[in-house]
Student: 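Could you have a look at this structure, given as structure tokens, before my questions?
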Amino acid sequence: MIWNPTKECMSADEKHHLQSQRLRKLVETVYHCTPFYRQKMQELGLLPDDIKSIDDIVKLPFTTKQDLRDNYPYGLFAVPMSQIIRLHASSGTTGRPTVVGYTRRDLSIWSEMIARCLSAYGADQNDIFSVAYGYGLFTGGLGLHYGVEHLGGTVIPMSSGNTCKQIQLMHDFGATAFASTPSYALYIAEAMEKAGIPREKFKLRIGVFGAEPWTENMRREIENKLGISAYNIYGLSEIMGPGVSHECEQKDGSHIVDDHFYPEIISPETLQSLPYGEQGELVFTTLTKEGLPLLRYRTKDLCSLNAEKCACGRTSVRMSRIVGRSDDMLIIRGVNVFPSQIESVILEMKELEPHYLLVIDRVNNLDMLEVQVEVRDGFYSDEITKMVELKKKIAHRLHSVLSISADIKLVEPYTMQRSEGKAQRVVDKRNLK
Amino acid sequence: MTIKQLSVFIENKTGRINEVTKILAANNINMTAFSLAENAEFGILRMVVSNVDLAVKILKEARFGVNVTDVVCFTLSNVPGALSTILDLLSKEQIFIEYMYAFSQGETANVVIRPTDVDRCIDILTENKTELLSKANLSQI
């Protein structure tokens, strides 16, 4: 079912008109309410009046995650805090997270976006959703939560972890859908098998999977093992959270909610816009956002766009699967991790050499992060307990920065590659291609 | 009268201990006492060797993580209850032992202990006329 055909099935002309109108208003707002954007536009010699239609978007400045950090916490908010009713945050380097603020209207648009998404999956008010995304600062849990409510479905606010209980409650409450990372879905499938409850005892039929890249092979495996239809959901907190794009029953690309978020593909090297069909970095402009409106935000996700009308009837632009990143961000258990975050922890510790290696693997469908570090001369102890304490100390500090746990491996001196240029610091053994 | 103990951090890899012993042998360094402490991922070799300074230098050159710690060595009669008597003494004086290793041969037993308070441990043992081993004694064992 199409939740909002007026917006999801617009003709090209209607959409051009709507997007142009919204962009003009957005530019007017950020120019006057966000000193950061006014300065950027002044540097480019731009006035709000220079933006007449959506085609003029290429004249506008880009925004990066670094801009959000530099203006931490509220510098890019376009409304006074009295109008912000929710904050979310994603982990950032050197302990400084990226903060996003939502007005009441932002949250209501977000819920509606997710209702569109869940409808596209074939869900309705009869569905019971178990939401296994983390509830908290991460946008996944609460985003899905209010979206299910907006749709009129029933939400079980499970949050992440405690797999046995997840399975028990999905069974007992007759859940028909669940939302998690795709790798956690596979983990749940295995745990269900072990728990010995036959698949027929579950009513599950829809899976809402996102927060990490996945493949068609994983989709097949999840669908076979769980007997559900598995759909992709995409989003990022800077733009809104989950639901920025979603698949439909065709499973042929993810529909971008493009009446609210205008997508572009650019070359990460030249920053020039690329035509539909070409692969490059995905860029979003938040056409209607009030709390934290962003012009041409560089997601660093690499994909391509397709503007053809979908067989489902929607005319929204579709994005391909994410094929990679234009930076070195890793997604581990659905959490964004930058090697520089780990590096900052290691550099702060006098017991460690500034050399490290991150080994990421997927074991039993769960991502594992191993951090190999060298102990500095003078800090090798004769006591096992001292060395184990050091490991715990590193693990604890990393956890406080990354919000995920890592296995620490102490290695012998000079085990790590020393190089004049860029050392290989990451070994990702997960096969996601 | 403390003894310098050498400890070497080694990852759990086949042949790694032997690499340490080979390097020591190549430099004509003798090991008087030797023990290995391990957990799931790494081990710590602890040794009393004939030339600590040289051992540290060559092992560092060979890129091992090394550490030198003061330990106390003493000798006892190789009879039942001898060690227990000493340990009673130390525990009565609140000396905590991080680890120890020992070997016996013929009529004597030799013990290496790493107490929390090395100096007090030595005082207590001396007062009670326990025979402490010096570096010179050790080289003759």
Side-chain angles (χ1 to χ4, degrees), chain A residues 342 346-347 349-361 363-364 368-399 405-420 423 425 427 429, chain B residues 2-20 23 33-49 52 55-73 96-101 112-118:
Chain A
I342 295 169
I346 291 168
L347 293 182
M349 294 186 64
K350 61 179 189 312
E351 299 94 335
L352 301 178
E353 290 286 345
H355 307 286
Y356 61 94
L357 183 70
L358 312 181
V359 182
I360 304 122
D361 205 352
V363 181
N364 293 330
M368 304 300 282
L369 168 64
E370 179 181 88
V371 180
Q372 298 186 4
V373 288
E374 282 176 20
V375 177
R376 184 165 281 169
D377 187 31
F379 290 97
Y380 283 100
S381 173
D382 56 322
E383 291 171 52
I384 293 270
T385 48
K386 290 256 169 66
M387 300 304 277
V388 172
E389 269 167 31
L390 175 60
K391 267 181 61 165
K392 281 189 188 154
K393 184 174 163 186
I394 303 166
H396 180 76
R397 291 210 183 171
L398 281 176
H399 189 270
S405 53
D407 294 325
I408 309 301
K409 186 175 184 204
L410 303 180
V411 298
E412 292 173 11
Y414 298 95
T415 307
M416 300 299 166
Q417 182 190 357
R418 262 54 165 179
S419 93
E420 307 256 319
R425 294 280 180 229
V427 176
K429 296 180 176 170
Chain B
T2 57
I3 296 290
K4 300 280 181 212
Q5 172 197 257
L6 177 68
S7 58
V8 185
F9 174 88
I10 46 169
E11 283 175 53
N12 284 355
K13 288 191 265 190
T14 311
R16 217 43 195 149
I17 298 173
N18 196 19
E19 281 169 46
V20 174
I23 289 166
F34 179 103
S35 96
L36 172 66
E38 93 290 334
N39 76 357
E41 288 156 40
F42 59 85
I44 298 174
L45 288 181
R46 296 157 182 159
M47 299 170 270
V48 177
V49 298
V52 179
V56 167
K57 184 172 166 284
I58 55 170
L59 286 172
K60 275 193 183 174
E61 279 167 10
R63 303 187 159 181
F64 280 95
V66 297
N67 177 36
V68 176
T69 326
D70 283 335
V71 293
V72 179
C73 299
F96 181 77
I97 296 170
E98 299 286 354
Y99 56 81
M100 60 187 286
Y101 43 106
V112 179
I113 63 171
R114 162 86 157 89
T116 38
D117 187 336
V118 175

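It should be emphasised that the depicted structure is a prediction, and the values quoted were computed from it without experimental measurement. In what follows, every chain begins at residue 1, and chains take the letters A, B, ... in the order their sequences are listed.
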Student: Report which part of B:E98 has an atom under 4.5 Å of a heavy atom belonging to chain A: side chain, backbone, both, or neither.
Tutor: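 Just the side chain, heavy atoms under 4.5 Å.
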Student: Does any backbone or side-chain atom of B:E38 lie under 4.5 Å from a heavy atom of chain A? Answer side chain, backbone, both or neither.
Tutor: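 Interface part for B:E38: backbone (N, CA, C, O).
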Student: Charged N to carboxylate O below 4.0 Å: is that the case for B:E61 and B:K57?
Tutor: yes
Student: Pick one of side chain, backbone, both or neither for B:R63, based on which atoms fall under 4.5 Å of a heavy atom in chain A.
Tutor: both
Student: Side chain, backbone, both or neither: which part of A:D382 has a heavy atom under 4.5 Å from chain B?
Tutor: both
Student: Check whether any side-chain N or O of A:R425 sits under 3.5 Å from a backbone N or O of A:Y356 as a donor-acceptor pair, and report yes or no.
Tutor: yes
Student: Can you say whether A:V411 sits under 4.5 Å from chain B via the side chain, the backbone, both, or neither, judging by heavy atoms?
Tutor: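 Answer is both: backbone and side chain atoms of A:V411 are under 4.5 Å from chain B.
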Student: So for A:K409, is it side chain, backbone, both, or neither that comes closer than 4.5 Å to the heavy atoms of chain B?
Tutor: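 Both parts, heavy atoms under 4.5 Å.
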Student: Give, as side chain, backbone, both or neither, the part of B:F9 having an atom under 4.5 angstrom from any heavy atom of chain A.
Tutor: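 Both backbone and side chain.
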Student: Is B:L6 close to chain A through its backbone or its side chain, or both, or neither, when contacts mean heavy atoms under 4.5 Å?
Tutor: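 No part of B:L6 comes within 4.5 Å of chain A.
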Student: Does NZ belonging to B:K13 count more than 12 external heavy atoms closer than 6.0 Å?
Tutor: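 Result for NZ/B:K13: enclosed.
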Student: Flag the pair B:F42 / A:I384 as yes when at least one side-chain heavy-atom distance between them is below 4.5 Å, and no otherwise.
Tutor: yes
Student: Treating B:Y101 as the side-chain partner and B:A33 as the backbone partner, does any N or O pair qualify as donor plus acceptor under 3.5 Å?
Tutor: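 The answer is no, because no donor-acceptor pair under 3.5 Å joins these two groups.
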Student: Any salt bridge between A:K392 and A:E389, counting N to O under 4.0 Å?
Tutor: no
